[in-house]
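See below for the structure under consideration.
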Amino acid sequence: MGMVMAVSFERYGRLYYLDPGEFRPRVGEKVLVPTDDGPEVAECVWAPQYVTEEVGGLPLCAGIATPADLDRDEQNRQRRADARVIAKRTIRQHGLPMKVVGIDFVDRRPDIDQLVIVYFSAPHRVDFRELVRDLARALRARIELRQVGARDEARLQGGIGPCGRDLCCATFLKDFEPVSVRMAKDQDLPLNPLKISGACGRLMCCLKYEHPLYQEFNAKAPAVGSAVETPAGDGVVVGHNVPSDTVVVRLAASGRRCACSRADVCSPRQQYEASGTTTPDAPPVVPDESTAPESTAPESPAAVSPAVPEQPEPTETREERRARKPRRRRRLHHDDEGDSAQ
């Protein structure tokens, strides 16, 4: 068990988890976060608290931000805003097909006094050698240009996705994984690019990290078109609703549709009956003595006596049974003739 806290460098930005160490900041308080370019100021959005799982490898909080740290952070924010305006104006003057995505200002690197990192997007490779010289002269700092893709552009800028929530890449996703159209087919989504694309113009990232949930549901839930039994009656499956873990069933009696839980239409008992297997430890079937065929021989008192051992019945061949049956028929016929003569 350990303590964990969460901070954010931007309001409603991505959360970064830290080990608070000996510090106990409150929500909204500014703290120092260790980075590759030195400690930076961030806002505490999740106060330190104990967690049940053992979390290791988290960076250690560098302490509470002092007034000097807050002044430096405010000055760097103003420098980034000025650098963005100058970079856009210089790019426009050179007529380059570039779009400024983000600006980063570094002033605590030991080998460099001031460094301005410009993140930009472009449809193809751009020759920006003259642009770098003009930016270095205008900003009086070392310039570094980095081209980013469409997904990284959405991550840096942020925004609202088609679902109405903040972009996943700008809030909690750390790495981008490849997304295919096959995942959209498995989730019964329309193959319209406008419906399954995110703010970056690529396939939505949620298709990837939600795909295992759909695979598990489709493997256990009854398929569309199969007959099922529900608490409301028998019906046929006409659809699935994976987020709510329900199955849409059209009832056979009334024809209306109802949403039933997957557990109601796919219970272990129904799965067992559908498999057609038998219980391996079932007891053998023993015939009831009351339903056994009666013997044609009359019972004797000695036969039912427990002191006398039971004698085995004599075996009779098929020829003997055939020879005995006609004699019985003749005897019965003879008796009938005698009765009629009288």
Side-chain angles (χ1 to χ4, degrees), residues 8-16 84-85 87-88 91-92 95-104 117-126 128 145-226 236-250 256-262:
S8 177
F9 291 97
E10 301 290 339
R11 182 63 59 92
Y12 308 114
R14 177 181 299 180
L15 297 181
Y16 295 89
R84 178 185 288 269
V85 174
K88 288 183 178 180
I91 290 174
R92 193 181 307 110
L96 298 176
M98 299 171 56
K99 177 183 177 182
V100 178
V101 177
I103 300 291
D104 195 6
I117 304 175
V118 181
Y119 299 93
F120 72 94
S121 62
H124 48 79
R125 296 183 62 88
V126 180
F128 47 75
L145 290 166
R146 297 181 183 179
Q147 185 173 359
V148 297
R151 290 190 171 183
D152 291 312
E153 180 182 356
R155 169 189 285 180
L156 293 174
Q157 289 185 339
I160 304 298
C163 59
R165 301 176 62 90
D166 294 336
L167 297 181
C168 301
C169 58
T171 51
F172 64 90
L173 280 185
K174 295 182 179 180
D175 300 323
F176 292 115
E177 298 184 6
V179 186
S180 62
V181 182
R182 180 63 184 177
M183 299 177 184
K185 293 181 180 179
D186 294 342
Q187 301 177 25
D188 295 332
L189 294 176
L191 300 183
N192 187 356
L194 299 178
K195 298 291 185 179
I196 59 178
S197 299
C200 58
R202 304 293 191 271
L203 292 176
M204 293 186 295
C205 297
C206 57
L207 297 177
K208 174 62 179 179
Y209 64 79
E210 290 181 356
H211 190 239
L213 178 64
Y214 283 83
Q215 287 181 323
E216 179 185 359
F217 184 91
N218 294 331
K220 297 181 179 180
V224 176
S226 59
V236 180
V237 178
V238 295
H240 294 158
N241 192 345
V242 179
S244 61
D245 198 19
T246 57
V247 177
V248 182
V249 179
R250 184 176 64 246
R256 66 181 183 88
R257 297 189 178 188
C258 64
C260 303
S261 175
R262 184 179 61 174

Query raised in the report: Is there a side-chain contact between Phe120 and Lys99 (heavy atoms, below 4.5 Å)?
Result: no
Query raised in the report: For the side chain of Arg14 and the backbone of Phe9, is there at least one donor-acceptor N/O pair under 3.5 Å apart?
Result: no
Query raised in the report: Out of curiosity, Met204 CE to Ser197 OG, how far, rounded to the nearest 0.5 Å?
Result: 7.5 Å
Query raised in the report: What's the spacing between Ile196 CD1 and Cys206 SG if we round to 0.5 Å?
Result: 10.0 Å
Report task. Could you grab the distance from atom CG of Asp152 to atom CZ of Phe176, nearest 0.5 Å is fine? Result -> 5.0 Å
Report task. Could you tell me the separation between the OG atom of Ser121 and the CD atom of Gln157, rounded to the nearest 0.5 Å? Result -> 7.5 Å
Report summary line: Closest non-hydrogen contact found for Met183 with Pro178 is CE-O, 3.9 Å
Query raised in the report: Between Leu173 and Tyr209, is any pair of side-chain heavy atoms under 4.5 Å apart?
Result: yes
Report summary line: Of all heavy-atom pairs linking Val179 and Cys205, the shortest is CG2-CA, 4.5 Å
Query raised in the report: For Leu207, does its backbone N or O pair with a side-chain atom of Gln187 as donor and acceptor, under 3.5 Å?
Result: yes
Report summary line: When every non-hydrogen atom of Val247 is compared with those of Val237, the smallest separation belongs to CG1-CG1, 3.4 Å
Query - Minimum-distance pair of heavy atoms, taken over all atoms of Tyr119 and Asp104 - result: CE1-CB, 4.0 Å
Report task. Measure the shortest side-chain to side-chain distance between Arg146 and Ile117 over non-hydrogen atoms and say whether it is less than 4.5 angstrom. Result -> yes
Query raised in the report: Does the side chain of Tyr214 reach to within under 4.5 Å of the side chain of Asp186, using non-hydrogen atoms?
Result: no
Requested in this report: Check whether any side-chain N or O of Glu153 sits under 3.5 Å from a backbone N or O of Val101 as a donor-acceptor pair, and report yes or no.
Outcome: no
Query - From Lys88 atom NZ to Ile103 atom CD1, the distance as rounded to the nearest 0.5 Å - result: 9.0 Å
**Report entry** Donor-acceptor contact present, side-chain Arg155 to main-chain Lys174, <3.5 Å
**Finding:** yes
Query raised in the report: Out of curiosity, Asp166 CG to Phe172 CZ, how far, rounded to the nearest 0.5 Å?
Result: 10.5 Å
Query - Heavy-atom closest contact (Lys208 atom, Pro212 atom, distance) - result: O-CD, 3.5 Å
Report task. Please check if the side chain of His240 supplies one atom and the backbone of Ala223 the other of a donor-acceptor pair under 3.5 Å. Result -> no
